Amino acid sequence: MGLSKEEILSDPHTAEDPYLYLEEVESDESIAFAKSANEKCLARLGDPSETETYERVLKVLTSDDRIPHVSVLGYEDGTGEMLLYNFWRDSKNPKGLWRKTTLSSYQSTNTEWTTVLDLDELAKKEDISWVWKGYVPLPRSLDPQSGYEPHSPTPKGRVTRVLLNLSRGGADAIYLREFDLLTESFVDPETEQGFSLPEGKTRARYKSRDVLLVGANVGENALTDSGYPRTIREWTRGTAVEDAPIVYEAEKTDVSCSSYLADETHREGGAKYEMRARSMTFYNSEYYLKRITSDEEGEFVKLTIALNTDVSLFGKWMMLYLKEDWSSDDNGSDRVFKSGSLIYVDAQNFLDYSKAKGEGQDEDIAKAASKLSYHVLFEPTATTSYDGYSATKNYLILDILDDVKQHLKFYKLGEGGGPFVAVGGDEEGQLRAAHASGVDSKESDLFWLTCSSYTQPSTLYLADASKCSTDKSGDEYIVRELKALPHMYDSSNLEVSQHFATSEDGTKIPFFMVSKKGLVLDGSNPTLLYGYGGFEISLTPRYISTVGISWLERGGVYVEANIRGGGEYGPDWHQSALKKNRNKCYEDFIAVGKHLIDSKICTPATLACRGGSNGGLLTGNMLVQAPDLFGAIHIAVPLLDMKRYHKLLAGASWMAEYGDPDTDDWEEFLYKYSPYHNIDAKRDNYPNVLLTTSTRDDRVHPAHARKMVKKLWDLGEGKNWSVFYYENIEGGHGGAADSKQEAFMTSLSYDFMWRALTSTIPKNE
């Protein structure tokens, strides 16, 4: 006797999947499903564009009061003025303007901007819904026409060309088109031999003015199973990309490969290098480095480091961020370096050691090892972790977290390019987000500093690392305040607090809570719990105006959980929730939810949760693992079918995070956190749930959400399951292609959750 439809749909081990047809992204049947679901959703919930939330969010997203963040692309001829470029979207230009100004004008109250490229005009002219995806500049030091003079007493030269990345509808895949900053026009591929490539997940860097290192879908087997470049070609201007020689390639089963030039000659003791990287998994890579000299090309040497080590260069130093303990047997010293540490070593000496190790001659290995001298810039403790660094010409600015509170620490390159010297920074962690980035790391020690918190809007400062001193404390490095975002919502009666919940295995899980002062602990407060918990991404305090408008001003409580899988406590925090231990991040999230309920901040009826992408997998698991804990759930651009995720778009690249469904991983653990396979057909009730995705999402396949909602509708027929679905036809993985779409999706989500916790949401028909 065969299985019933209900048995087929609710059995995680069956091979049958009646909804495979929804994996055809733009088939007539799939688009019809999406449009029908959208109509049904808006018929029941109303049109978000007609709400006050939409109007207010759109006003914020297009406000002229936003900070126009800039990048330096050189100096004006004659005046020597710094040239600053900014991409800007507003109500008049929903696609956006790429524009420029000078530093002196930028520092004034009325900045004068000159349009470089009008994306709205381009979209209209070419009848393509273009979405800006940034650019790759031709470095001044590689361009004889830039006017750059190394070690000049006054900065000179400008970036003359860039590779623009334009996306159709917001997808990850881009069209690559070369753009001339002197003529402010595209470099025509036919008449001017400009570089141009059709839509694809292309990666390209300039090797010189007329040569690109490019990974693209060109030729046979050009892509990995994950859909990223498998080969690197050296493409010379004026030739066909198909004829460009392949200089490096990865395996088909790898995630991707890449190549770039690192020019460190502007720093004392620095050299020029070419780096090649083969990413076997999302976290493990092989690195090959070549030092380029004036009289010889040099040779590529495979670096003898752990595969999950992050590598960068600064002057004569190779910077190594370790994600596992590095033993003395492997590193050639008498020391063991701790996982989570940032260390550095002379790049040439390490190249020599790596070469000797590769050749395997004990005498040569010992000789090379004797020249190694490692330096520890940061070593983690039980509460501290490294969260990245920014660079100026002579300084490193380290971002350190201490129980998820941020420190900035400053280190100066020593005399003659020697070891770094600590020169000050924050004395204790702060509940804020502070982002530092060098203004022009080739020429100066100025840097941009942007600071915000949950309740304090962003402020942009011009700062000078050379003013930092161990003899002083505070923010002596700040030169002046440049721009400040006004308060976009009323936060005058709000407070921010940090708490810790206890997970199932006894681990303390930090979370931040934003609530009104004097919060009444009677369980009646509409509370939104947000989380991510994956890919070593940390959630830190920052200003989110849309949350303020859509939730906090209404009297709601907003909570962010720093669950395992993230990077808040370094690599170990992330690695403790990989693959078979993925349950840890779900247990952590549930523990925070229970803590909020036990503290009488909310009840299950007044608790909602929200997450996107990997966070959508998180909230999808809340739906099937802890449905009685929540009154509403928003599952955005999610992974949900963990049996087929590796066959859909970029999914194969995430098997190092989740596991391989084609192995015993499926039966041993993967099926347990595949929401698509764990819907309980016997339940009479599920919490109110909204699933959203984008047709143009070419990272996480829209079929995850499509199939999940269709299955919920079919199994929930005649039951008290309130399931809503909206698929934006544009938008990419971010879910929206412009400010209007972003305001629409934001309003849809937050109004849905608020109504679910405070009033009646229509049930399934």
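In this chain, residues are counted from 1 in sequence order. Predicted model, so just to flag it, every value in this text is computed and none were measured.
The 12-atom threshold is not exceeded at CD of Glu112, counting heavy atoms of other residues, nucleotides or ligands nearer than 6.0 Å. The local environment of CD in Glu126 is crowded, with over 12 non-hydrogen atoms from other residues, nucleotides or ligands closer than 6.0 Å.
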Apply side-chain contact (heavy atoms from CB on, under 4.5 Å) to residues Phe447 and Tyr395 and explain how you reach the verdict.
CA-CA 10 Å; Phe447 65 98; Tyr395 289 80; over 6 Å; no
Does the side-chain contact (heavy atoms from CB on, under 4.5 Å) test come out yes or no for Met275 and Val311, once each step is laid out?
CA-CA 10 Å; Met275 178 77 85; Val311 183; 3.9 Å; yes
Pair Leu164-Leu117, side-chain contact (heavy atoms from CB on, under 4.5 Å): steps then yes or no:
CA-CA 11 Å; Leu164 285 188; Leu117 178 66; 3.6 Å; yes
Begin from the C-alpha positions of Ser129 and Lys95 and carry the test side-chain contact (heavy atoms from CB on, under 4.5 Å) through to its verdict.
CA-CA 8 Å; Ser129 181; Lys95 295 296 181 187; 2.5 Å; yes
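Closest approach of Pro189 to Ser196, counting heavy atoms only: CG-CB, 3.7 Å. Summarising the geometry of Lys201 relative to Arg699, their closest heavy-atom pair is NZ-CA, 4.4 Å, with the distance given to 0.1 Å. Nearest heavy atom pair, residue Arg140 against residue Ser146, reads O-OG, 2.9 Å.
No side-chain heavy atom of Phe420 sits under 4.5 Å from any side-chain heavy atom of His375. Two residues are said to be in side-chain contact when any heavy atoms from C-beta on lie closer than 4.5 Å; Gln145 and Leu182 fail this criterion. The shortest distance between side-chain heavy atoms of Asp118 and Asn93 falls below 4.5 Å. At a threshold of 4.5 Å between non-hydrogen side-chain atoms, the residues Glu443 and Val72 do not count as touching. For the pair Leu289 and Leu313, the minimum side-chain heavy-atom distance is below 4.5 Å. Under the 4.5 Å side-chain criterion, counting only non-hydrogen atoms from C-beta, Glu286 is in contact with Met280. Proximity of Tyr389 to Met319: side-chain heavy atoms (C-beta onward) are separated by under 4.5 Å at one or more points. Inter-residue side-chain proximity for Thr309 and Leu322 is flagged as met; some heavy-atom pair is nearer than 4.5 Å.
Side-chain N or O atoms of Glu249 include none that pairs as donor or acceptor with a backbone N or O of Thr231 at under 3.5 Å. A donor-acceptor pair under 3.5 Å is formed between the side chain of Asn349 and the backbone N or O of Lys371. Side-chain atoms of Thr224 come within 3.5 Å of backbone atoms of Val255 as a donor-acceptor pair (strictly under, hydrogens ignored). With hydrogens and angles disregarded, no donor-acceptor distance shorter than 3.5 Å links the side chain of Lys302 to the backbone of Tyr287. Looking only at distances, no side-chain donor or acceptor of Tyr321 sits under 3.5 Å from a matching main-chain atom of Ser312. The closest donor-acceptor contact from the side chain of Asp426 to the backbone of Leu408 lies under 3.5 Å. Between the side chain of Arg542 and the backbone N or O of Thr540 there is at least one donor-acceptor pair closer than 3.5 Å. For Arg66 (side chain) and Ser63 (main-chain N/O), a donor-acceptor pair under 3.5 Å exists by modelled atom type. The backbone N or O of Asp399 lies less than 3.5 Å from no partner atom in the side chain of Asp387, so there is not a single donor-acceptor pair. The backbone N or O of Gly567 lies less than 3.5 Å from a partner atom in the side chain of Ser538, making a donor-acceptor pair.
Of the N and O atoms on the side chains of Thr459 and Glu481, not one donor lies less than 3.5 Å from an acceptor on the other residue. For the residue pair Asp188 / Thr191, a side-chain donor-acceptor distance below 3.5 Å is found, with atom types taken as modelled. No side-chain donor-acceptor contact under 3.5 Å links Thr62 and Lys92. Remark: the Arg209 side chain and the Thr160 side chain contain an N/O donor-acceptor pair separated by less than 3.5 Å. Using modelled atom types and a 3.5 Å distance limit, the side chains of Ser105 and Thr111 yield no donor-acceptor pair. When only modelled atom types and interatomic distance are considered, Thr102 and Ser104 share a side-chain donor-acceptor pair under 3.5 Å. No side-chain donor from either of Asp445 and Ser466 sits under 3.5 Å from a side-chain acceptor of the other. In summary, the side chains of Asp440 and Tyr75 do present a donor paired with an acceptor at a separation below 3.5 Å, with no hydrogens or angles considered.
Residues Asp254 and Arg230 are not paired through a salt bridge, judged by the lack of any N-O separation under 4.0 Å between the basic side chain and the carboxylate.
Of the candidates Ile400, Leu320, Leu377, Leu396, Leu377 is the only one forming a side chain to side chain contact (heavy atoms under 4.5 Å, CB included) with Leu342. A ring pair (Phe, Tyr, Trp, His ring centres under 6.0 Å) with Tyr374 is found for one member of Trp326, Trp317, Tyr344 and no other, namely Trp326. The side chain to side chain contact (heavy atoms under 4.5 Å, CB included) test with Tyr461 singles out one residue from Ile478, Val479, Leu482, and that residue is Ile478.
Here Glu149 contributes atom CD and His151 contributes atom NE2; the two are 11.5 Å apart, rounded to the nearest 0.5 Å. Rounding to the nearest 0.5 Å gives a distance of 13.0 Å between OH of Tyr260 and CZ of Arg276. Taking CD from Glu415 and CG from Leu413, the interatomic distance works out to 9.0 Å, rounded to the nearest 0.5 Å. Put simply, OG1 on Thr114 and CD on Glu184 are 7.5 Å apart, with the number rounded to the nearest 0.5 Å. Between atom CG of residue Leu449 and atom CG of residue Leu462 there is a gap of 10.0 Å, rounded to the nearest 0.5 Å. Atoms CD and CZ, from Glu178 and Phe186 in turn, are 11.0 Å apart once rounded to the nearest 0.5 Å.
Classified by interplanar angle (parallel below 30°, tilted 30° to 60°, perpendicular above 60°), the ring pair Phe282/Phe535 is perpendicular.
Relative to the ring axis of Tyr248, Arg278 does not place its NZ or CZ within 45° and under 6.0 Å from the centre.
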